[in-house]
Structure formats: structure tokens, C-alpha cells
Protein chains: 2
Amino acid sequence: MSTPGRGLHGHVLDTLGPAITAGEYPPGSVLRTDELAQRFDVSRSVMREAVRVLESMHLVASRRRVGVIVQPASEWNVYDPQVIRWRLAGADRPRQLRSLTVLRSAVEPVAAGLAARHATPEQCAELTERALGMVANSRGHRLEQYLVHDVAFHRVILDASGNEMFARLGDVVAEVLAGRTHHEVMFEDPDPAAVTLHVQVAEAVREGDAARAEKLTREITEGALQELDILAP
Amino acid sequence: MSTPGRGLHGHVLDTLGPAITAGEYPPGSVLRTDELAQRFDVSRSVMREAVRVLESMHLVASRRRVGVIVQPASEWNVYDPQVIRWRLAGADRPRQLRSLTVLRSAVEPVAAGLAARHATPEQCAELTERALGMVANSRGHRLEQYLVHDVAFHRVILDASGNEMFARLGDVVAEVLAGRTHHEVMFEDPDPAAVTLHVQVAEAVREGDAARAEKLTREITEGALQELDILAP
DNA sequence: CGCTTCAAAAAAGTCAGACTTGTATGTCAC
DNA sequence: GTGACATACAAGTCTGACTTTTTTGAAGCG
């Protein structure tokens with residue numbers, strides 16, 4: 001996953017990034033470039049490049065005569081795919097997964113509505129195909145195959161929305177769905193009602209019924225929220 | 001705006017970033033670090049740091065023996081605040097503003113619903129205050145003051161949702177609202193109906209009525225969509 | 001005692017040059 | 001044409017010296 005070992009600079013990032021996002025360095029902690037370079041056994045040039053990248057993610061801020069200051073989480077670029085991966089890999093995973101699921105619940109229904117208006121015939125076809133793939137793997141503990149189709153289904157919806165911001169959330173949704181299958185709930189076969197909803201969403205998109213596609217997708221994402229016990233008291 | 005001139009490296013970014021996001025270098029274009037360093041009259045070290053940052057935004061990819069390759073827009077980290085600013089500053093501005101408005105229309109209603117559940121008394125108070133501020137400046141061409149309260153209102157909603165991903169969209173919403181006031185529509189006083197909706201949202205949040213807060217906010221964002229002619233045929 | 005002013009130190013920032021490494025590309029033999 | 005191999009190119013890395021900014025604190029003064 002990701003892009004491992006694309007240079008020394010990458011290795012430093014893969015160590016420092018997760019450490020910072022995991023909260024190992026409290027906000028306000030001060031690091032020194034030279035010391036870090038020694039610790040990772042790289043030159044200052046390499047270390048400086050890594051720090052620059054962390055700085056662009058607002059994980060740290062670098063100030064003259066002071067050092068490299070770890071920023072509070074409220075400053076982080078939490079939409080940076082790299083940051084998301086680091087956080088999902090750490091102790092913050094459950095909280096992160098919940099945040100992303102809520103985001104999903106906001107975005108996907110609207111995306112589905114737009115998809116009903118803008119989807120190409122090819123996208124409609126793949127959507128139907130994926131929904132059928134979900135049905136075919138919905139029984140008999142074929143969770144992995146089911147997941148493949150599920151992820152693809154939601155990716156098509158996001159792409160077909162025609163909105164670039166939505167489309168770029170495909171990886172996030174994939175991560176959430178995979179996380180649910182692998183680490184959280186869902187030890188049994190998926191909920192048959194959810195499977196049916198996917199088939200119906202594909203129908204609604206194909207028919208260009210935006211309101212119905214949105215409503216049905218909202219039911220799907222509300223199910224996801226309930227699985228994580230995120231709902232009104 | 002932003003953080004100008006925080007070093008030579010920053011100046012390079014402020015020039016190259018907008019150029020790439022504006023499409024001045026078609027995807028696949030190959031740049032060479034040495035040549036760029038000469039062009040900007042900086043050392044290779046500085047140029048390398050800048051390239052690393054652009055690479056972390058997926059605006060470029062750097063490959064040995066080839067050079068620095070400009071990536072297609074589909075690869076960009078479009079949620080990076082820096083990238084958003086660069087694109088809003090360029091020719092892509094209208095399209096970008098539309099994308100962000102759609103994103104807003106998906107997120108804000110859900111955020112308002114959550115805010116109704118999680119808002120603190122202080123947040124409820126500020127919400128009401130901001131709504132009143134909007135009313136007070138809704139007539140007599142006080143667009144600037146109106147905007148200040150409008151932006152603050154939506155920021156509170158996003159913060160009060162308790163969802164970190166939503167909260168970080170505050171700047172995006174601010175940008176969209178400011179863009180609308182300064183460059184797009186709205187030469188006249190704001191729509192009275194919209195002002196009333198804000199007051200009612202504040203009410204609903206204060207009363208903890210999540211469903212109503214969500215519905216009312218959806219009406220607000222749908223108004224914003226209509227202003228940009230984004231709607232069903 | 002409190003204030004300003006100025007000097008020193010510390011760490012990031014910058015630069016220049018030499019060297020290493022991975023990888024396209026072209027050449028040659030088969 | 002296909003393969004192995006040599007070559008050159010550009011990114012990658014390292015080092016050491018120098019500059020700049022900013023904090024700190026000490027000296028000097030009211």
C-alpha cells in the first residue's frame with residue numbers, strides 16, 4: 001500500500017509521519033533538524049526535504065532559531081491521503097474511521113443524486129454489474145469478493161457524480177469499507193437489506209431518478225452509521 | 001493571504017504551484033530540477049525542497065533519469081488548502097467554486113444536524129448572535145459586514161458538528177461565500193428568505209431539533225446551488 | 001528596580017561542488 | 001526481431017562552509 005521506500009526521504013516520512021499523527025510528540029514539542037538527521041542516519045538535505053513535506057501537511061512548523069515545532073491536530077491537513085493513511089494505521093484508527101464514515105454519510109447520497117443525472121451508459125452498466133456481484137457474493141462467507149464489488153460500486157457512484165471533490169473521496173470510502181470488513185463488525189454475511197438497497201440504487205441511477213437514488217443511498221449510509229453507533233439519542 | 005515569502009522555497013512554490021494548477025504545464029510535461037533552479041535563481045537544495053512539496057501534493061512526480069513530471073489533475077490533492085487557493089486564484093476559479101459549492105451542499109446539512117445534537121451553549125449563543133448580525137446587515141448594501149457574520153455562522157455550524165473532517169471545511173466555505181459576494185452574483189442585498197432560514201437554523205440547533213436543522217440548512221445550500229445554476233434539468 | 005539597547009549564540013536557511021545510483025536508450029551480437 | 005550490455009543522463013545523496021533571523025541575556029542607563 002502507498003508508496004514505500006521512494007528514497008531515504010520517504011523512509012523518514014514513513015517513520016516520522018505516523019509518530020506525529022499518533023501523538024507521540026505532543027503539540028508544541030520542538031525537534032531539531034540536525035538531531036533528527038543523526039537519528040535517522042541521513043544527511044541534513046534529506047532531513048530538510050522530509051521536514052518540508054511535513055510542514056506542507058501542517059503537521060509541523062519550522063521556525064528559525066527555534067526548531068521544528070509539532071502542530072496541534074487542529075492544524076493538520078486531515079484530508080491529505082497520506083495523513084489519513086498514517087492515522088488509520090495508528091491508535092487513532094477507530095476515531096478516524098468514525099469521522100470518515102460520517103463524511104461518507106454526507107457525501108454519498110448527494111453524489112448518488114448527481115450520478116443519476118450525469119452517469120454515462122458505461123457507468124450505469126458497471127454499477128449494475130457491481131450490484132449483481134454483491135448479490136452473488138452476499139452469502140457463504142465470501143466477504144472478500146463482496147468487498148471488492150462494494151468498493152467498486154461506491155467508486156463508480158462518486159466518479160459518476162461528475163464532481164471532482166467527490167471523486168477524490170473514492171480512496172477514503174474504500175478504506176472505510178475495508179476497515180469495516182477486516183477489523184470492525186461484519187463477521188457474518190452482509191445484511192440482505194443493504195444488498196437490496198445497492199441493487200435499487202443502481203436501478204434509480206439507470207433510470208435517472210435522482211431523488212430516489214439519493215434517498216436510497218442515504219439509507220445505506222445510515223446503516224453504516226448505525227453499525228458504529230453513531231445516531232441520535 | 002496564506003503565508004507568503006516564508007523563504008526562497010516558498011517563493012518558488014507560490015510561482016510554480018499556481019502555474020501547474022492553471023494548466024500552464026500540460027500533464028506529462030517534464031521539468032528538470034537544475035533548469036528550474038537556474039530559472040528561479042536558487043540553489044538546487046531549495047529547488048529540491050519545493051519539488052518535494054509539490055510531489056506530496058501529487059502535482060508532480062519525480063523520477064530518476066527522467067525528471068519532474070507534471071501529473072494530470074485527476075492525481076492532485078484537491079483538498080489541500082494550498083491547492084484550493086492556487087486554483088481559486090487562477091483561471092479555474094469558476095469551476096472550482098462550483099465544485100466546492102456542491103461539496104458544501106452535501107456537508108453542511110449533515111453538519112447542522114450533528115450540531116443540533118452536540119452544540120455547546122456557547123456555540124448556540126454565537127450562532128444566534130451571528131444570525132442576528134446577518135439580519136442587522138441584510139439591508140442597505142452592507143454586504144461586507146453581512147459576509148463576516150455569514151462566514152462565522154457557517155464556521156460555528158461546522159465546528160459544532162463535532163466532526164473533525166467537517167470542521168476543517170470552514171476555510172472552504174469561507175472562500176465560497178466570499179467568492180460569491182465579491183466576484184459572482186449578489187450585487188443586491190441578500191435574499192430575505194435566506195436570512196430567515198439562517199435564523200431558523202439557529203433556532204433548530206438551539207432546540208436540539210436535528211431533523212429540522214438539517215432540512216433548513218439543505219434549503220440554504222440548495223439556494224446556493226441555484227445561484228450557480230446547478231440543478232436538475 | 002525597571003527599562004532600553006546591544007551583543008552573542010543557536011538553529012534554520014542557503015549555497016556550491018563532488019559523488020552515487022537508478023534507469024531510459026541505443027548498440028551490438030545473435 | 002530479440003536479447004544482453006554499455007553508456008549517459010538526471011535525480012538522489014552527502015559534506016562543509018557560510019548567512020540570516022530571532023531568542024536570550026547581559027550591560028548600560030534612567
Side-chain angles (χ1 to χ4, degrees), chain A residues 2-17 19-20 25-72 75-77 82, chain B residues 2-17 19-20 25-72 75-77 82:
Chain A
S2 96
T3 322
R6 66 280 193 217
L8 294 185
H9 133 276
H11 172 250
V12 172
L13 279 178
D14 287 340
T15 309
L16 259 189
I20 294 174
Y25 304 93
S29 304
V30 174
L31 311 171
R32 269 169 305 130
T33 305
D34 291 12
E35 188 209 317
L36 290 173
Q38 274 195 349
R39 169 135 58 100
F40 288 100
D41 194 37
V42 296
S43 67
R44 291 192 307 286
S45 338
V46 168
M47 197 61 214
R48 285 180 55 73
E49 287 168 27
V51 168
R52 276 284 184 271
V53 172
L54 294 175
E55 195 178 25
S56 84
M57 298 168 172
H58 289 90
L59 262 47
V60 304
S62 164
R63 281 171 52 189
R64 269 193 161 126
R65 164 62 214 227
V66 178
V68 176
I69 305 156
V70 177
Q71 296 294 101
E75 291 294 321
W76 301 347
N77 277 182
Q82 183 86 275
Chain B
S2 101
T3 321
R6 67 279 194 221
L8 293 185
H9 134 275
H11 172 249
V12 172
L13 279 178
D14 287 341
T15 309
L16 259 188
I20 294 175
Y25 304 92
S29 305
V30 175
L31 313 171
R32 268 169 306 130
T33 306
D34 291 15
E35 187 208 317
L36 289 173
Q38 275 196 348
R39 168 135 58 100
F40 288 100
D41 194 37
V42 295
S43 67
R44 290 194 303 288
S45 335
V46 168
M47 186 48 76
R48 284 181 55 72
E49 287 169 28
V51 168
R52 278 282 183 266
V53 172
L54 294 175
E55 195 178 24
S56 84
M57 298 168 172
H58 289 90
L59 261 49
V60 303
S62 162
R63 281 171 53 188
R64 265 188 161 133
R65 163 63 214 224
V66 178
V68 176
I69 307 155
V70 177
Q71 296 295 101
E75 291 294 320
W76 301 348
N77 278 182
Q82 182 86 273

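To find a chain, count down the sequence lines: A is the first, B the second, and so on, and within it residues start at 1.
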Without decimals, in angstroms, what is the distance between [X] [atom1] and [N] [atom2]?
X	N	atom1	atom2	result
B/His9	C/dC15	NE2	P	13 Å
B/His11	C/dT14	NE2	P	12 Å
A/Phe40	D/dG12	CZ	P	19 Å
B/Leu8	C/dA12	CG	P	17 Å

Which residues satisfy the side chain to side chain contact (heavy atoms under 4.5 Å, CB included) test with B/Arg52, sequence neighbours excluded?
-> A/His9, A/Glu49, A/Val53, B/Arg48, B/Glu55

By nearest-heavy-atom nucleotide on DNA chain D, the more 5' of B/Asp34 and A/Asp41 is B/Asp34

What is the distance from atom [atom1] of [X] to atom [atom2] of [Y], rounded to the nearest 0.5 Å?
X	Y	atom1	atom2	value
A/Leu16	A/Leu54	CG	CG	6.0 Å
B/Ser62	B/Ile69	OG	CD1	7.5 Å
B/Leu8	B/Ser43	CG	OG	7.5 Å
B/Thr15	B/Arg39	OG1	CZ	9.5 Å
A/Met57	B/Asn77	CE	CG	8.0 Å

By a strict heavy-atom criterion of less than 4.0 Å, which residues belonging to residues 43-56 of chain A are in contact with DNA chain C?
-> A/Arg48, A/Arg52

Classify the nucleic acid contact of A/Ile69 as base, sugar-phosphate or nothing, counting any heavy atom under 4.0 Å across all strands shown.
-> nothing

Produce a footprint string for nucleotides 21-26 of chain C: one letter per nucleotide, 5' end first; B if the base is under 4.0 Å from any protein heavy atom, S if only the sugar-phosphate is, - if neither.
-> BBBB--

Above 12 or not: heavy atoms from other molecules or residues under 6.0 Å from CD of B/Gln38?
-> no

With respect to the phosphate group of C/dA12, does any side-chain polar atom (N or O) of A/Ser62 fall under 4.0 Å of OP1 or OP2?
-> no

Considering non-hydrogen atoms only, spot the tightest contact between A/Ala50 and A/Val12 and give its length.
-> CB-CG1, 3.8 Å

